[in-house]
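Worksheet: the structure to be examined is printed underneath.
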Amino acid sequence: EHEFDYVFAGEYEGDIYPNSNEVADYVYKPIVDIKREIETHPEKFTSWFKIAFPRIEKWWQEKYEVRG
């Protein structure tokens, strides 16, 4: 099985109006909160997101020179 996982990360100030035909739900959280929630409530996340998240976290830490 081969999957493409799309996770959007970035910075934006303003209102967002997702197309309801394309997006069922979305949320904005600090990356540390997402990591904590994956650890405490893994059932809230898809298997694919949990696989992709370490790469996203690494990218974010390198981009913003975050430690830890």
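These numbers come from a predicted model, not from an experiment.
Atom NZ of K63 is separated from atom NZ of K58 by 15.5 Å, given to the nearest 0.5 angstrom. Here the straight-line distance linking atom CD1 of I31 with atom CZ of F53 works out to 4.5 Å at 0.5 Å rounding.
At distances below 3.5 Å, at least one donor-acceptor pair connects side-chain atoms of K50 with backbone N or O atoms of P42.
Within a 6.0 Å sphere centred on CD of E13, heavy atoms belonging to other residues, nucleotides or ligands number 12 at most.
Annotation: side chain of N19 is not in contact with side chain of V23 (no heavy-atom distance under 4.5 Å). Side-chain contact between F49 and I34 is present, with heavy atoms from C-beta onward closer than 4.5 Å.
Note on Y17: it does not cluster hydrophobically with Y26, by side-chain heavy-atom contacts below 4.5 Å among ILVMFWY residues.
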